[in-house]
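Only one structure is covered here, and it is reproduced in the block below.
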Amino acid sequence: MAHCAEPPLSYTGRLPLSTTRSGAFVFDRSDALIPVGYVRPGRGYRSALRTLYTARADKDGKVVSVTESLSWRVVGTSPNGKPYTRWFPSAITVLRRLPTGRQAIFRRVWSRSGQRRFGFAFYAGDETISDALRDLAGELLGPAPHFLEMHPLLGEHDRLTIQHQTFTRNFWRVDNIPDLTRNLFGASRYRKDLVKAVARARPLGLFAAWSMRGLVPTDWVITLLQRHTATAEDHRLDGWVRQVPQSDLRPHLRGLDEVTLRRLTRNVTGLTSQQIRDLTWMQVAPPVRLRTWEELHDHTARIDNLARRARQRMRSAGSEVHDRARIDSERSALTGITERGLRVFTATEPETLLDWGRAARNCISSYEQGLLYGTVHLLGIYDGGALVANAEIEPGPPPNLRQLLGRFNKHLPREQHDDIVAFLTGRGVDCSGTYEGRIGCTAA
């Protein structure tokens, strides 16, 4: 039950209406009725949307956060014939003052199925929030620093063109290029020629070079920055075409071999915002040897499209697969890099099996039905850009290794075999039994 309470000690504006049980101050509450159309028998329906604005204060009476909460009122009839009214959360947006003086925005959104999505960003007054929340936050928390005030080195680029939070964080309160270079690439890679390249770089080229940190030598990073600055045309385009993407590019680069990475740092003609943004939205593809950013984009797009088609087939067969979440989790856990640098990938669509079968000259493509129904995990192990082995794992718990064979279904060299087995064992796979390809055992 809401009750009246004293306002925050340091607050002298309009008074709160009441407080919640948890001690938050309620400043506004409104219910918007929703027109009701056809309702299926036995199903509840949304009858109203409640918007609630609250604030919380610390022990000294200083407001530290302001919250906007949206909730649905659902009305219906239970199976036993009794009417009910329930409230379900729809979205929560919180603006919070951090100890550093910055303001942060937290979002939580519920889908119709009840699944929650989370978001976090440093608030700079230009995010998309309701006018009521912005006004209340400005009144209680004070004005938020503008994005360019927090990131002076971004020049004419604003939050609409630099959206990647981790990348942008390197610009926080930095007003000189040497410090920015240290933030982006680390003190161990700091060099004067790298500072000069960073100073001349466009944000997209800088984002690509930052994504390659640690994967290639510093000389290669400098080459990419210099060549992208000289050839890129993104700065002549308008609006969203200039954006740095929100998601990571690094997962698409981590599996590439050294030759491909070298080519990508030298040939930057395809390094555009559209290409990079598309890449960050796609599923990471098994590595192949590539020459240009366009080839990386096209190869990844092909695999991503095939994966989407496979997921559609999985959904059609999914009514018979009751533990899909566990199967997907196991497949994700089996992807990685071994101690000796071999790259392990898990197949998620039948078309990958076709590619592996052609490369390894084996019959792995015949396992399509097992892959779709989740009765088997299939791995491709790469040395650089070359497929050197495939593995079959029976889902657990615990997962069990059934086959580990090289090209033409031959046994692997002992060093490669032991390296892969050690990797799988570390990922929770039981490799203690008899399996095809085990050193000392004969394949059936």
Side-chain angles (χ1 to χ4, degrees), residues 157 160-168 170 184-185 189 193-194 197-308 335 337 343 345 351-352 355 382 384-387:
H157 302 281
L160 297 178
T161 59
I162 309 289
Q163 296 193 9
H164 193 285
Q165 293 297 324
T166 306
F167 175 69
T168 308
N170 294 295
L184 288 169
F185 299 101
R189 302 185 188 94
D193 51 351
L194 179 59
V198 170
R200 297 183 176 94
R202 302 295 299 177
L204 183 62
L206 197 57
F207 175 74
W210 173 75
S211 300
M212 286 188 168
R213 69 196 187 282
L215 302 179
V216 300
T218 303
D219 289 338
W220 297 9
V221 171
I222 295 172
T223 299
L224 186 149
L225 290 171
Q226 292 173 340
R227 298 198 175 189
H228 186 263
T229 302
T231 61
E233 297 182 355
D234 274 2
H235 62 283
R236 292 203 294 269
L237 303 178
D238 293 326
W240 58 270
V241 182
R242 236 175 33 240
Q243 287 181 354
V244 168
Q246 297 183 24
S247 303
D248 279 338
L249 174 64
R250 192 174 177 83
H252 296 272
L253 304 174
R254 191 178 289 118
L256 301 177
D257 65 295
E258 185 175 290
V259 173
T260 298
L261 290 173
R262 182 53 169 158
R263 290 171 174 171
L264 294 180
T265 58
R266 289 178 170 177
N267 188 347
V268 297
T269 54
L271 185 56
T272 64
S273 294
Q274 184 68 57
Q275 301 271 27
I276 299 304
R277 189 168 54 256
D278 287 349
L279 270 175
T280 60
W281 291 344
M282 296 177 190
Q283 172 180 308
V284 177
V288 295
R289 183 156 289 183
L290 304 163
R291 293 186 296 271
T292 64
W293 289 93
E294 293 99 327
E295 289 187 8
L296 175 61
H297 172 274
D298 295 345
H299 169 66
T300 307
R302 172 179 171 273
I303 297 300
D304 185 73
N305 183 51
L306 295 176
R308 293 186 185 187
T335 300
I337 302 177
R343 296 173 175 85
F345 292 87
E351 285 76 6
T352 298
D355 293 339
Y382 286 78
L387 179 69

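Heads up: numbering here begins at 1 and tracks the sequence. Bear in mind that the values here come from a model prediction, so they are computed numbers and not experimental data. Quick note: numbers below take in every heavy atom, side chains included, and nothing from hydrogens, waters or symmetry partners.
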### Query
What residues, two or more places apart in sequence or in another chain, satisfy ring pair (Phe, Tyr, Trp, His ring centres under 6.0 Å) together with F185?
none
### Task
Measure the spacing between CE of M212 and CG of L253 and express it to the nearest 0.5 Å.
5.0 Å
### Message
Does R291 have more than 12 heavy atoms from other residues, nucleotides or ligands lying within 6.0 Å of its CZ?
### Response
no
### Query
Which distance, rounded to the nearest 0.5 Å, do you find between the CD1 of I222 and the CZ of R189?
12.0 Å
## Note on the structure
For R266, the salt bridge (Lys or Arg N to Asp or Glu O under 4.0 Å) test, sequence neighbours excluded, returns none
### Query
If we only count heavy atoms from C-beta on, is the N267 to W293 side-chain gap below 4.5 Å?
no
### Query
Do the non-hydrogen side-chain atoms of E295 and T292 ever get within less than 4.5 Å of each other?
yes
### Message
Given L225, which partner from the list T265, V198, D193, V268 fulfils the side chain to side chain contact (heavy atoms under 4.5 Å, CB included) test?
### Response
V198
### Partners passing side chain to side chain contact (heavy atoms under 4.5 Å, CB included) against E258 (at least two apart in sequence or in another chain)
W220
#### Entry: Distance, nearest 0.5 Å, that separates CD of Q226 from CZ of R200
8.0 Å
### Task
Grab the two heavy atoms, one from L387 and one from Y382, that are nearest each other, plus how far apart they are.
N-CD2, 3.7 Å
### Message
In the structure I gave you, are the side-chain heavy atoms of I303 and M282 within less than 4.5 Å of one another anywhere?
### Response
no
#### Entry: Spacing of CG belonging to L271 relative to NE2 belonging to H228, to within rounding of 0.5 Å
4.0 Å
### Query
Roughly how far apart are L249 CG and R254 CZ, rounded to 0.5 Å?
10.5 Å
## Note on the structure
The salt bridge (Lys or Arg N to Asp or Glu O under 4.0 Å) partners of R302 (sequence neighbours excluded) come to D355
### Task
Just jot down the side-chain hydrogen bond (donor to acceptor under 3.5 Å, both in side chains) partners of D219, sequence neighbours excluded, or say none.
R191
#### Entry: F345 side chain near T352 side chain, heavy-atom distance below 4.5 Å
no
### Side-chain donor or acceptor of H299 paired with backbone N/O of V288 under 3.5 Å
no
### Message
Using side-chain heavy atoms (C-beta onward) and a distance below 4.5 Å, is V216 in contact with L224?
### Response
no
### Query
Do L215 and R250 have side chains that get closer than 4.5 Å, going by heavy atoms?
yes
### Query
When rounded to the nearest 0.5 angstrom, what is the spacing between CZ in R343 and OG1 in T335?
13.0 Å
### Message
Which residues pass the side chain to side chain contact (heavy atoms under 4.5 Å, CB included) test with R289, not counting sequence neighbours?
### Response
D257, V259, T260, R263
## Note on the structure
When every non-hydrogen atom of P287 is compared with those of G384, the smallest separation belongs to CG-O, 4.3 Å
### Task
Quick one: sort the F167 and F207 rings into parallel, tilted or perpendicular, breaks at 30° and 60°.
perpendicular
